[in-house]
Number of protein chains: 2
Amino acid sequence: MPNNFYEKAKELIRHTGNRLTHNRLRTLAILLAEQYALTHREIEERLNMKEQLDRVTLYRVLEWLSKNNLVHKIAGDDRVWRFRVNTELHSHQHAHFICTRCTKVTCLSDYRIKSSPSLPLGYLFHEIELTIKGLCAECA
Amino acid sequence: MPNNFYEKAKELIRHTGNRLTHNRLRTLAILLAEQYALTHREIEERLNMKEQLDRVTLYRVLEWLSKNNLVHKIAGDDRVWRFRVNTELHSHQHAHFICTRCTKVTCLSDYRIKSSPSLPLGYLFHEIELTIKGLCAECA
DNA sequence: AATAATATGCAACTTAGTTGCATTTATTAT
DNA sequence: ATAATAAATGCAACTAAGTTGCATATTATT
């Protein structure tokens, strides 16, 4: 039963060349274990069982994970960031589904987005984001 | 020079069957005059010149305008709502462009989205939102 | 084991948005 | 026009997400 999300997390963090810390490890392992995007709050709840982790540190850990392309942030309609792990199979070039009832965010991996739309003159394309809103299987 | 956004705003609010108030009128007129989506703050700034309007009232006015389909809300990456008027030609079934430098939101009216994507079993489609990030003409 | 660079915890802060309640205003029916 | 009434407004106090500065602890290196 020793979960191998910790092993995977360790490998991913080491691979960045930066420091492997307890908090980065715990946080990433939690995100690796989830099928959908978690809020700062939800991650905190999952951490509570074990030793406590400061709110601010968690914000900084998430920011670090994000900047190192281990996770990606999703902006929801409730003004709360949600975080989802980036695996090789799971780049951030995909659509997100937001359930308007339970506010859970699911990544639609198999829904690929066609790139480079036509923009007004002088505009520079950087990234495209597709969000689908509705009810998830549990709420429908 | 008497701007006709007030006339247009009056007509739109009257058409809802609800009360025509000074604040709804002013707010909607401001949004009608803009080419891009405004934050609560930006609307407040534009109001400052004239008589003051309470923060809370403005929030309630914007919520009312939104519920009555006169404007639509856009969730940006900075956790701030932006509001854009809905005209007949300008339904909310379109893409949004967000400039990552100046954070301005522009509606890409001519970028229509194909409807009903395929979702996981049991999921219910409601709405689709396409956001393009990059640099606007002024920031590029 | 000592060092240097970086991560962490704490306290205090900022900012968007919300709630409850008393007062004012827009509409209506007289 | 005016009174009645339902809805809108202003105010004060609140919530909740996220940020900043700084002193202390931890990681990786020598």
Side-chain angles (χ1 to χ4, degrees), chain A residues 6 9-29 37-48 50-68 70-83 98 103 105, chain B residues 6 9-29 37-48 50-68 70-83 98 103 105:
Chain A
Y6 278 91
K10 194 180 279 181
E11 183 194 319
L12 288 167
I13 294 167
R14 272 265 138 78
H15 191 259
T16 66
N18 283 83
R19 283 200 190 167
L20 173 73
T21 71
H22 187 46
N23 295 326
R24 286 174 184 169
L25 192 53
R26 297 204 276 164
T27 307
L28 185 54
L38 297 179
T39 62
H40 177 273
R41 261 294 167 84
E42 289 168 328
I43 298 167
E44 244 182 347
E45 280 161 20
R46 281 163 179 72
L47 286 164
N48 267 338
K50 327 185 176 193
E51 329 104 82
Q52 198 47 59
L53 170 58
D54 188 76
R55 267 165 30 78
V56 178
T57 306
L58 181 52
Y59 278 117
R60 293 198 265 229
V61 164
L62 290 169
E63 198 189 314
W64 182 90
L65 289 171
S66 191
K67 278 199 177 142
N68 283 269
L70 297 178
V71 306
H72 62 280
K73 297 161 106 178
I74 306 157
D77 277 6
D78 51 3
R79 327 189 314 119
V80 177
W81 287 111
R82 267 155 239 269
F83 300 85
I98 300 185
T103 72
V105 177
Chain B
Y6 277 91
K10 193 180 277 183
E11 183 194 320
L12 288 166
I13 294 167
R14 271 265 137 79
H15 191 258
T16 67
N18 282 82
R19 283 200 191 168
L20 173 73
T21 71
H22 187 47
N23 295 326
R24 286 176 185 168
L25 192 53
R26 296 203 274 165
T27 307
L28 185 53
L38 297 178
T39 62
H40 178 272
R41 260 296 166 82
E42 291 168 326
I43 299 168
E44 244 181 346
E45 280 161 20
R46 281 164 179 71
L47 285 164
N48 268 338
K50 327 188 175 187
E51 326 105 81
Q52 198 48 60
L53 171 58
D54 189 76
R55 271 167 24 82
V56 178
T57 306
L58 181 53
Y59 277 117
R60 292 198 266 231
V61 164
L62 290 169
E63 197 190 316
W64 183 90
L65 288 171
S66 191
K67 278 200 177 145
N68 282 269
L70 297 178
V71 306
H72 64 279
K73 298 161 105 176
I74 306 158
D77 276 8
D78 52 2
R79 326 189 318 116
V80 177
W81 286 113
R82 268 155 237 269
F83 299 86
I98 300 185
T103 72
V105 177

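Quick note on labels: first sequence line is chain A, next is B, and so on, each numbered from 1.
Taking atom CD of A:E63 as the reference point, atom C1' of C:dT8 lies 14 Å away to the nearest angstrom. Atom-to-atom, CG of A:D78 to P of C:dT18 comes out at 11 Å; the value is rounded to the nearest Å. The separation between B:D54 atom CG and D:dA13 atom C1' is 13 Å, rounded to whole Å. Summarising the geometry, the separation between CG on B:L58 and C1' on C:dT15 is reported as 15 Å, rounded to the nearest angstrom. A:I43 places its CD1 atom 14 Å from the C1' atom of D:dG18, with the value rounded to the nearest Å. For B:L53 and C:dT24, the CG to P distance is 17 Å, given to the nearest whole Å. In this entry the distance linking CD of B:E42 with P of C:dA16 reads 11 Å, nearest Å. B:E44 has its CD atom 13 Å from the C1' atom of D:dG10, to the nearest Å.
With hydrogens and angles left out, the side chain of B:R55 and the base of C:dG17 share a donor-acceptor pair within 3.5 Å. Not a single donor-acceptor pair, N or O on each side, falls under 3.5 Å between the base of C:dG17 and the side chain of A:R79.
Within the 4.0 angstrom heavy-atom criterion, only backbone atoms of the sugar-phosphate kind lie near B:R41; the bases stay farther away. Within the 4.0 angstrom heavy-atom criterion, only backbone atoms of the sugar-phosphate kind lie near A:R24; the bases stay farther away.
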- Task: For the pair B:Y6 and B:L25, evaluate side-chain contact (heavy atoms from CB on, under 4.5 Å) and give the outcome as yes or no after the intermediate values.
- Result: CA-CA 7 Å; B:Y6 277 91; B:L25 192 53; 4.0 Å; yes
- Check against side-chain contact (heavy atoms from CB on, under 4.5 Å), B:L12 and B:T16: CA-CA 7 Å; B:L12 288 166; B:T16 67; over 6 Å; no
Under 3.5 Å, N/O pairs linking protein and nucleotides 27-30 of chain D:
unit_1 : atom_1 : unit_2 : atom_2 : d
D:dT27 : O2     : A:R19  : NH1    : 3.4
D:dT27 : O2     : A:R19  : NH2    : 2.8
D:dA28 : OP1    : A:R14  : NH2    : 3.2
D:dA28 : OP1    : A:L20  : N      : 3.0

Just the table, please: protein N/O against nucleotides 19-21 of chain C N/O, every pair under 3.5 Å.
unit_1 : atom_1 : unit_2 : atom_2 : d
C:dG20 : O6     : B:R60  : NH2    : 3.4

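Of the charged side-chain nitrogens involved, at least one lies within less than 4.0 Å of a carboxylate oxygen, so that B:K67 and B:E63 count as a salt-bridged pair. The existence of a salt bridge linking A:R46 and A:E42 is excluded, since no basic side-chain nitrogen approaches an acidic carboxylate oxygen closer than 4.0 Å.
For A:N23, a side-chain nitrogen or oxygen approaches OP1 or OP2 of C:dT8 to under 4.0 Å. In this structure, B:T57 does not reach the D:dA8 phosphate: none of its side-chain N or O atoms is under 4.0 Å from OP1 or OP2.
Two rings, from B:F83 and B:H72, have their centers 6.0 Å or more apart.
Figure legend: A:R24 and A:W64 shown as a cation-pi pair, the cationic atom lying under 6.0 angstrom from the six-membered ring centre and within 45 degrees of its axis.
Of the possible donor and acceptor atoms, none in the side chain of A:N68 sits under 3.5 Å from a partner among the backbone N and O of A:L70. With hydrogens and angles ignored, the 3.5 Å screen pairs a side-chain donor or acceptor of A:T27 with a backbone N or O of A:N23. Remark: side-chain polar atoms of B:H40 are not paired, donor with acceptor, to backbone N or O of B:L62 under 3.5 angstrom.
Side-chain contact between B:K73 and B:R82 is absent, with no heavy atoms from C-beta onward closer than 4.5 Å.
Closest to the side chain of B:W64, out of D:dA17, D:dA8, C:dA16, is D:dA8.
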